[in-house]
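Contents: one structure, followed by commentary.
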Amino acid sequence: MTLIITLLAAAIATIAWYVAGPNSQMKIGVLALMYWGAGLMWTVDGIASLLEGEAFIEIADHAAMLDDALLGLVIVTTGLIAWALYLLLKDPKGMVRKSLAA
């Protein structure tokens, strides 16, 4: 479930990046890359689970599915927070500099 949520967030961020254009000041491509990287990590984790004889995605245990869904939401939220911090540090529109100068 975590993989599905992360890849969904990656797809949405990629579409937003494509619509906004690669030269967008909001650096949506950075957010998309973070989510694709997390999706790749979860895919590798799922493959490792398969090699150990476990399920790739746990669907039989409802509690495990809920835990995975919550973890996926935490990953998406953490990605948004990291992206916001990135924007604050890079300040592509100069808003932080303007507010500090005033």
Qualifying side chain to side chain donor-acceptor pair (under 3.5 Å) pairs, either residue in residues 40-49, two or more places apart: none
Short side-chain to backbone donor-acceptor contact, Ser24 and Gly21, under 3.5 Å: no
ILVMFWY cluster, Leu3 and Leu51 together (side-chain gap under 4.5 Å): yes
Yes or no on side chain to side chain contact (heavy atoms under 4.5 Å, CB included) for Tyr18 and Ile28, after CA distance, side-chain angles and deciding distance? CA-CA 9 Å; Tyr18 188 78; Ile28 300 171; over 6 Å; no
With a 4.5 Å cut-off on side-chain heavy-atom distances among I, L, V, M, F, W and Y, is there a chain of contacts connecting Leu33 to Leu80? no
Can you pull the side chain to side chain donor-acceptor pair (under 3.5 Å) pairs that have at least one residue in residues 86-96, sequence neighbours excluded? none
Hey, what else clusters with Leu8 if you join Ile, Leu, Val, Met, Phe, Trp, Tyr whenever side-chain heavy atoms sit under 4.5 Å? Ile12
Please output the side-chain donor-acceptor pairs of residues 64-76 that fall under 3.5 Å, not counting sequence neighbours, one pair per line with the distance.
none

Give, for atom OG1 of Thr2 and atom CE of Met41, the distance between the pair rounded to the nearest 0.5 Å. 8.5 Å
Leu50 and Ala55: which non-hydrogen atoms are nearest, and at how many Å? CD2-C, 4.4 Å
Please list all pairs passing the side chain to side chain donor-acceptor pair (under 3.5 Å) test where one or both residues lie in residues 25-39, with sequence neighbours left out. Thr14-Trp36
Mind checking whether Val30 and Ile15 sit in one hydrophobic cluster, side chains of I, L, V, M, F, W, Y counted as touching below 4.5 Å? no
Under the rule for side chain to side chain contact (heavy atoms under 4.5 Å, CB included), what residues qualify as partners of Glu52, not counting sequence neighbours? Glu54
Treat each ILVMFWY residue as a node, draw an edge where side-chain heavy atoms are under 4.5 Å apart, and state whether Phe56 and Leu40 are in one component. no
Distance check, rounded to the nearest 0.5 Å: Met95 atom CE versus Leu88 atom CG? 11.0 Å
